Number of protein chains: 2
Amino acid sequence: METRERLVESARELLWERGYVGTSPKAIQRRAQAGQGSMYHHFAGKRDLALEAIRRSAEKICAIAEECFATDGSAFERILSYLTRQRQVLRGCRLGRLTQDPDIMASPSLRQPVDEAFGWLQKRLAEIIVQGQAQGEFDSEMDATEVAAAITATVQGGYVLAKAAESEEPFHNAIRGVLSLLASRVIKAHK
Amino acid sequence: METRERLVESARELLWERGYVGTSPKAIQRRAQAGQGSMYHHFAGKRDLALEAIRRSAEKICAIAEECFATDGSAFERILSYLTRQRQVLRGCRLGRLTQDPDIMASPSLRQPVDEAFGWLQKRLAEIIVQGQAQGEFDSEMDATEVAAAITATVQGGYVLAKAAESEEPFHNAIRGVLSLLASRVIKAHK
DNA sequence: GTCTATAACGGGATAGAC
DNA sequence: GTCTATCCCGTTATAGAC
């Protein structure tokens with residue numbers, strides 16, 4: 001891997017592990033096995049490198065989610081596929097953790113990719129719910145936007161509870177909980 | 001307010017705003033209008049002061065939740081009271097944000113109060129759900145532990161989504177979403 | 001109890017040689 | 001492109017005077 005690429009990947013890992021405030025350029029360089037000079041040659045500074053790392057993480061997260069959504073199956077099954085996909089629960093969400101970082105939130109350009117990814121995710125889930133309703137699978141009384149937000153929030157909150165407990169259990173409990181609630185809005189008569 | 005007390009309250013505010021890694025002793029002193037010497041007289045160091053601040057925040061959060069839970073009303077109404085209580089949504093959760101802090105998670109003593117508070121919250125919600133089931137209010141098929149985790153996670157995740165969007169909307173959407181899902185498990189025949 | 005001085009260290013970046 | 005030297009500042013204390 002070239003130096004530039006190693007720098008971005010190292011930044012992605014450290015942002016995940018320690019956040020923006022907790023990550024120093026020096027730490028990124030060490031992990032990437034690159035010198036000071038290399039980093040400041042390829043990037044204007046810490047912020048610039050972080051921006052690229054965050055953008056890439058946001059793209060990947062959306063791509064992985066879309067893989068789950070694009071499977072064929074009922075709307076419920078597609079949501080199930082997303083909620084039960086493999087995750088490194090105890091490491092948390094690469095994007096969610098950035099929302100707790102004061103420097104990220106203070107910088108519109110750094111916050112933007114995070115905002116867009118969560119916005120896209122909720123919109124996509126809402127679309128799937130609406131499709132399910134159109135096909136008579138889901139109770140049409142359900143507010144798609146609200147339920148989509150609840151699902152997205154459960155995942156993010158699940159990570160928080162898992163970290164607090166240093167255990168994956170509360171995460172999986174939360175996912176099963178929201179899935180069971182959602183399952184009860186599936187129309188029984190549906191095929 | 002005495003100096004010691006001002007230091008703890010300042011630490012609470014700064015931990016909320018900037019987290020542990022992002023908060024320096026100097027910043028706490030400035031906010032508390034206390035000198036270096038005062039801080040190191042009353043506390044062994046940054047960690048020691050943070051521990052007291054975190055413990056206090058955990059206690060307060062549990063106390064506020066219990067106020068909501070202790071109101072009379074159905075199980076659903078008590079949960080509703082908790083979920084719709086006044087919150088400073090865009091500032092996030094004092095405890096949830098700490099789970100994203102590498103230094104907090106690396107220190108058992110700093111993590112403990114956070115862990116206990118979330119554990120207590122989930123246990124308490126599960127109890128209320130079980131009570132609701134015993135009284136024929138909630139569908140008895142529901143797994144109380146899982147739904148309690150889902151509710152707790154929705155709140156925490158709602159904060160994350162709100163911060164990302166710099167808007168309270170996704171938080172309130174998520175809360176309404178989980179409430180509507182929960183409402184559909186209330187037995188209609190119940191008085 | 002509170003103050004100031006001091007210190008060792010790391011963060012974040014610039015400059016210029018190679 | 002990458003390296004080393006250098007810089008200024010903030011962090012997290014400790015020491016001792018008042």
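Lettering of chains follows the sequences in order, A, B, ..., and the numbering in each one begins at 1. A quick note: this is a predicted structure, and the numbers were derived from the prediction, not measured. Basis for what follows: all heavy atoms, side chains included, without hydrogens, waters or symmetry-related copies.
In summary, contact between chain A and DNA chain C, defined as any nucleotide atom under 4.0 Å from a heavy atom of the protein, begins and ends at C/dG11 to C/dT14 in the 5' to 3' direction.
A/Glu169 pairs by the side chain to side chain donor-acceptor pair (under 3.5 Å) definition with nothing, not counting sequence neighbours. B/Arg176 is linked by a side-chain contact (heavy atoms from CB on, under 4.5 Å) to A/Glu146, B/His172, B/Asn173, counting only residues two or more places apart in sequence or in another chain. Residues satisfying the side chain to side chain donor-acceptor pair (under 3.5 Å) criterion with B/Gln135, sequence neighbours excluded, are absent altogether. For A/Glu66, the side chain to side chain donor-acceptor pair (under 3.5 Å) partners two or more places apart in sequence, or in a different chain, are A/Arg124. For A/Glu5, the side chain to side chain donor-acceptor pair (under 3.5 Å) test picks out A/Arg56, with sequence neighbours left out. Considering only residues two or more places apart in sequence or on other chains, A/Arg185 meets the salt bridge (charged side-chain N to carboxylate O under 4.0 Å, His left out) condition with A/Asp139. A/Val155 meets the side-chain contact (heavy atoms from CB on, under 4.5 Å) test with A/Tyr82, A/Leu83, A/Arg87, A/Tyr159, A/Phe171, A/Ile175; sequence neighbours excluded.
Under the 4.5 angstrom side-chain criterion for Ile, Leu, Val, Met, Phe, Trp and Tyr, the cluster partners of B/Phe43 are B/Leu7, B/Val8, B/Leu14, B/Ile28, B/Met39, B/Tyr40, B/Leu49. Other residues sharing a hydrophobic cluster with A/Leu90 under the 4.5 Å side-chain heavy-atom criterion for ILVMFWY residues do not exist; the residue is a singleton.
Using a 4.0 Å cut-off on heavy atoms, the residues of residues 33-40 of chain A that approach DNA chain C are A/Gln36, A/Tyr40, listed by number. Using a 4.0 Å cut-off on heavy atoms, none of the residues of residues 13-32 of chain A approach DNA chain D.
Within the 4.5 Å cutoff, the side chain of B/Thr84 has heavy atoms near those of the B/Leu179 side chain.
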